[in-house]
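Report on the following structure.
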Amino acid sequence: QERSSMRGVERATGVSRHTLAAWIKKKVALSPTIEETLLPAEPDDVLELDEVWSFVQKRANKRWLWTAICRRTRQIVAAVIGDRSAKTCQQLWEVIPESYRRCHSYSDFWEAYSLVFDEETHRSVGKETGQTAHMERWNNTLRQRVGRYVRKTLSFSKRDFWHQIVTEMFIITYN
């Protein structure tokens with residue numbers, strides 16, 4: 001799961017990539033959803049929001065992983081992969097479980113957040129405030145453990161399907 005390509009696993013184990021792919025798809029089908037891994041929300045919970053850049057096949061095919069983390073539990077509450085538009089931010093809002101939507105939230109100054117999130121509970125802040133420190137730490141953990149998110153990487157997904165699968169499996173394992 002961490003930093004090994006399917007081709008590398010194929011060479012090390014002698015198992016074909018088709019078999020590996022079938023095993024991974026089966027594991028994903030049996031895995032819980034992100035929402036099923038969460039602890040229940042509490043009234044004073046705070047969400048931190050951010051997005052991380054990656055790509056599929058080549059750097060021109062940018063993908064942004066939008067995530068929301070609960071400050072109390074340090075669990076990823078919701079995640080969406082897409083572009084860096086308000087439409088993808090809206091998708092993030094829609095996958096946040098209902099019980100967490102009432103929480104206060106903090107993000108950087110990216111305009112999409114102010115367009116989608118309720119201005120009564122959402123604040124845009126700079127990194128120097130420390131209000132998004134847990135999210136930034138998680139981004140670093142993601143980059144350390146999943147080669148597809150390293151800034152200057154030789155590891156990348158060739159298809160959106162595998163990019164999505166690897167990301168979801170990491171989040172489920174992390175939670």
Side-chain angles (χ1 to χ4, degrees), residues 1-39 41 47-70 73-101 107 110 112-113 116 134-175:
Q1 186 183 37
E2 297 179 8
R3 311 283 284 221
S4 296
S5 67
M6 286 181 63
R7 184 166 284 159
V9 174
E10 176 186 24
R11 275 186 249 132
T13 63
V15 177
S16 76
R17 272 181 282 167
H18 297 291
T19 303
L20 286 172
W23 289 347
I24 291 169
K25 289 175 184 177
K26 185 176 180 180
K27 181 173 173 68
V28 168
L30 298 173
S31 295
T33 63
I34 293 173
E35 190 170 351
E36 291 171 339
T37 65
L38 297 176
L39 294 170
L47 297 180
E48 299 177 17
L49 313 166
D50 202 11
E51 63 284 341
V52 177
W53 176 84
S54 184
F55 64 93
V56 172
Q57 191 67 39
K58 57 185 178 179
R59 290 187 183 273
N61 296 332
K62 295 180 182 178
R63 301 295 182 271
W64 291 87
L65 171 62
W66 295 66
T67 49
I69 192 170
C70 176
T73 64
R74 310 290 199 273
Q75 290 182 309
I76 299 300
V77 172
V80 172
I81 296 176
D83 57 9
R84 207 167 183 211
S85 67
K87 178 183 172 188
T88 308
C89 188
Q90 180 66 39
Q91 290 173 351
L92 176 67
W93 171 254
E94 290 169 3
V95 297
I96 293 175
E98 195 67 42
S99 59
Y100 282 94
R101 289 188 189 176
S107 70
W110 190 247
Y113 291 114
V116 173
H134 299 97
M135 187 77 250
E136 296 299 335
R137 180 190 173 283
W138 187 83
N139 289 343
N140 290 334
T141 300
L142 176 71
R143 287 190 175 113
Q144 286 289 314
R145 296 191 188 165
V146 182
R148 289 161 170 84
Y149 288 94
V150 176
R151 288 186 175 137
K152 293 184 178 182
T153 187
L154 296 175
S155 302
F156 59 90
S157 298
K158 292 182 181 178
R159 296 189 182 126
D160 284 313
F161 172 79
W162 287 110
H163 196 69
Q164 182 79 27
I165 293 268
V166 168
T167 304
E168 282 183 27
M169 288 306 299
F170 175 73
I171 292 170
I172 289 167
T173 305
Y174 179 85
N175 279 355

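Bear in mind the structure is a predicted one, so any value in this text is a computation, not a measurement.
A donor-acceptor distance shorter than 3.5 angstrom exists from the side chain of T173 to the backbone of M169, with no hydrogens or angles considered. Judged by distance alone, with hydrogens and angles left aside, the side-chain atoms of W66 form a donor-acceptor pair with the main-chain N or O of D83 at under 3.5 Å. In this structure, S54 contributes its side chain and R148 its backbone to a donor-acceptor pair below 3.5 Å. A donor-acceptor pair under 3.5 Å links the side-chain atoms of Q75 to the main chain of T37, judged by distance alone.
Not a single side chain to side chain donor-acceptor pair (under 3.5 Å) links E136 to another residue, sequence neighbours left out. Every residue meeting the side chain to side chain donor-acceptor pair (under 3.5 Å) condition with S16, not counting sequence neighbours, appears here in chain and number order: T19.
W110 and R84 get closest at one heavy-atom pair: NE1-O, 3.2 Å. Of all heavy-atom pairs spanning T167 and H163, the tightest one is OG1-O, 2.8 Å. Taking all atoms of both residues into account, the shortest heavy-atom contact from A112 to A86 is CB-CA, 3.8 Å. Of all the heavy atoms in I81 and L65, the pair that sits closest is CG1-CD1, 3.8 Å. What you find for I172 and S31 is that their closest heavy atoms are CD1-CB, 4.4 Å.
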Problem - side chain to side chain contact (heavy atoms under 4.5 Å, CB included) between T88 and Q91, worked out - result: CA-CA 5 Å; T88 308; Q91 290 173 351; 4.1 Å; yes
Exercise for the section: Begin from the C-alpha positions of V15 and V9 and carry the test side chain to side chain contact (heavy atoms under 4.5 Å, CB included) through to its verdict. Expected result: CA-CA 8 Å; V15 177; V9 174; over 6 Å; no
Practice task
Kindly determine whether I76 and F170 satisfy side chain to side chain contact (heavy atoms under 4.5 Å, CB included), including the steps that lead there.
Solution key: CA-CA 10 Å; I76 299 300; F170 175 73; over 6 Å; no
Handout entry: Worked verdict on I34 versus V95 for side chain to side chain contact (heavy atoms under 4.5 Å, CB included)
Key = CA-CA 10 Å; I34 293 173; V95 297; over 6 Å; no
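Residues L49 and M135 fail the side-chain proximity criterion, which asks for heavy atoms closer than 4.5 Å. Looking at heavy atoms from C-beta onward, V116 lies out of side-chain contact with L92 at the 4.5 angstrom threshold.
Looking at V166, V52, N140 one by one, the single match for side chain to side chain contact (heavy atoms under 4.5 Å, CB included) with Y149 turns out to be V52.
If you take OG1 on T73 and CG on N175, they are separated by 7.5 Å, rounding to the nearest 0.5 Å. In this structure, CH2 on W53 lies 9.5 Å from CZ on R143, to the nearest 0.5 angstrom. Atoms SG and CG, from C70 and L47 in turn, are 6.0 Å apart once rounded to the nearest 0.5 Å. R137 contributes atom CZ, which lies 11.5 Å from atom CD of E48 (distance to the nearest 0.5 angstrom). A distance of 4.0 Å separates CZ in R63 from CG in D160, rounded to the nearest 0.5 Å.
Remark: R101 is positioned above the aromatic ring of W93, its terminal NZ or CZ atom under 6.0 angstrom from the ring centre and at most 45 degrees off the axis.
Using the six-membered ring where Trp is involved, Y174 and W138 have ring planes that are perpendicular, over 60° apart on the 30 and 60° scheme.
Of the N and O atoms on the side chains of E51 and Y113, at least one donor lies less than 3.5 Å from an acceptor on the other residue.
Within 6.0 Å of CZ in R74 there are more than 12 heavy atoms belonging to other residues, nucleotides or ligands.
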